Amino acid sequence: MSAKSTTVRYWLFKSEPKVFGIEHLRRKGVATWDGVRNYQVRNLLRSEVRVGDRALFYHSSTKDVGVAGEMEVVSEAFPDPLQFDPKSDYFDKGSTKAAPRWLAVKMKYLRTFKRLVPLAELRTDQQLKNMRTLVRGNRLSITEVTKSEYEKICLLGNAV
DNA sequence: GCCAACGTTGGC
DNA sequence: GCCAACGTTGGC
């Protein structure tokens, strides 16, 4: 078999750790990244995010905001089950199984950094301060990062 | 809890 | 298709 022809891409996924943090993912090993309810992000999951891509796990809306670790995409996009569950906060009565509106992917835990890389540090680092994730007004819960940005953040996270 | 900034909705 | 009102995100 030939190697995959597509190049690995790098992403940053945001989540509120009170709802689902990297410790939840570590315990599960593989988890469904669900609850995406933004069309731009849905389109990324459908058309851009691929099996084998890497992603930084970013903790948002919490005391210590920043990048907590790494994970890997292990499934193509599939319909987010929560959109069909009337008991879920993510239920969408306008979505049907024939034409699902929202997508999810499965993510695999890779590692938790030795130290959380704080948002403030991303903003001041010369190599990172232009990350799309940090652009003022950005509200996407998934943004692409460059390989060099990704690797720099891993270095910062694994430094003592 | 505040608030800036963006996304979504719906009347027209 | 415009745009005001409302809802959500997310840092602080």
Side-chain angles (χ1 to χ4, degrees), chain A residues 9-28 31-49 53-73 77-107 109-146 148-150 152-159:
Chain A
R9 294 170 74 174
Y10 298 86
W11 307 95
L12 181 147
F13 283 37
K14 291 185 191 175
S15 181
E16 299 186 21
K18 274 177 221 164
V19 180
F20 186 80
I22 197 162
E23 184 57 21
H24 296 97
L25 182 61
R26 186 188 67 75
R27 275 185 258 128
K28 296 188 76 167
T32 299
W33 198 273
D34 51 24
V36 169
R37 293 295 179 270
N38 170 287
Y39 287 105
Q40 289 182 62
V41 177
R42 188 276 313 269
N43 293 345
L44 284 177
L45 290 177
R46 182 183 60 200
S47 309
E48 309 291 335
V49 173
D53 285 0
R54 297 292 199 94
L56 299 165
F57 197 131
Y58 178 93
H59 284 176
S60 68
S61 295
T62 186
K63 184 169 154 290
D64 297 307
V65 294
V67 183
E70 284 182 86
M71 52 191 170
E72 182 179 345
V73 179
F78 59 94
D80 181 346
L82 299 181
Q83 71 196 306
F84 305 122
D85 178 0
K87 294 188 297 294
S88 170
D89 288 343
Y90 295 105
F91 177 64
D92 183 344
K93 66 181 188 324
S95 186
T96 64
K97 295 207 175 183
R101 186 173 285 169
W102 304 112
L103 300 174
V105 289
K106 289 197 180 291
M107 302 300 292
Y109 174 85
L110 291 182
R111 63 189 60 79
T112 302
F113 290 154
K114 289 179 192 161
R115 59 182 282 271
L116 182 113
V117 183
L119 174 60
E121 197 168 321
L122 303 180
R123 289 201 189 281
T124 54
D125 190 291
Q126 289 305 303
Q127 210 178 319
L128 299 174
K129 64 180 190 182
N130 295 321
M131 283 172 61
R132 289 206 23 221
T133 316
L134 304 181
V135 171
R136 181 177 174 81
N138 167 57
R139 303 183 58 187
L140 303 182
S141 60
I142 297 177
T143 45
E144 188 168 12
V145 299
T146 67
S148 63
E149 287 164 348
Y150 187 95
K152 178 66 191 287
I153 291 170
C154 290
L155 272 178
L156 293 172
N158 290 317

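Every chain is numbered from 1 and lettered A, B, ... according to where its sequence line falls, protein lines coming before strand lines. Small disclaimer: the values here were computed from a predicted structure and weren't measured.
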>> So A/Ser60, base contact, sugar-phosphate only, or nothing? Heavy-atom distance under 4.0 Å.
In response: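 A/Ser60: backbone/sugar contact only, no base atoms under 4.0 Å.
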> Is A/Gln40 touching bases, backbone alone, or none of the nucleic acid, heavy atoms closer than 4.0 Å?
Replying inline: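 The residue A/Gln40 makes sugar-phosphate contact but no base contact.
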Euclidean distance, atom [atom1] of residue [X] to atom [atom2] of [N] [Å, nearest integer]:
| X | N | atom1 | atom2 | answer |
| --- | --- | --- | --- | --- |
| A/Asp92 | C/dG7 | CG | P | 17 Å |
| A/Phe13 | C/dT9 | CZ | C1' | 18 Å |
| A/Asn138 | C/dG11 | CG | P | 10 Å |
| A/Leu44 | B/dG7 | CG | C1' | 15 Å |
| A/Asp89 | C/dG7 | CG | C1' | 15 Å |
| A/Asp64 | C/dC12 | CG | C1' | 13 Å |
| A/Arg123 | C/dG11 | CZ | C1' | 8 Å |
| A/Ile142 | C/dT9 | CD1 | C1' | 15 Å |

> Do A/Asp80 and A/Arg42 meet the salt-bridge criterion of a basic N to acidic O distance under 4.0 Å?
Replying inline: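 Looking at A/Asp80 together with A/Arg42, the answer is no, because their closest N to O distance does not fall below 4.0 Å.
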>> Just so I know, are the side chains of A/Trp102 and A/Phe84 near enough to count as touching, which here means a heavy-atom distance under 4.5 Å?
In response: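 Side chain of A/Trp102 against side chain of A/Phe84, heavy atoms only: no contact under 4.5 Å found.
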> Is there side-chain contact between A/Phe113 and A/Ile153, with heavy atoms separated by less than 4.5 Å?
Replying inline: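 A/Phe113 vs A/Ile153: side chains touch.
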> Counting side-chain heavy atoms from C-beta on, which of C/dG11, B/dT8, B/dG7 comes nearest to A/Tyr39?
Replying inline: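 My answer, after comparing the listed nucleotides, is B/dT8.
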> In terms of the angle between their ring planes, are A/Trp33 and A/Phe57 parallel, tilted or perpendicular, with boundaries placed at 30° and 60°?
Replying inline: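 The arrangement is perpendicular - the two ring planes meet at more than 60°.
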> So, is A/Lys14 near the phosphate of C/dT9, with a side-chain N or O under 4.0 Å from OP1 or OP2?
Replying inline: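 No, because none of the side-chain N or O atoms of A/Lys14 sits under 4.0 Å from OP1 or OP2 of C/dT9.
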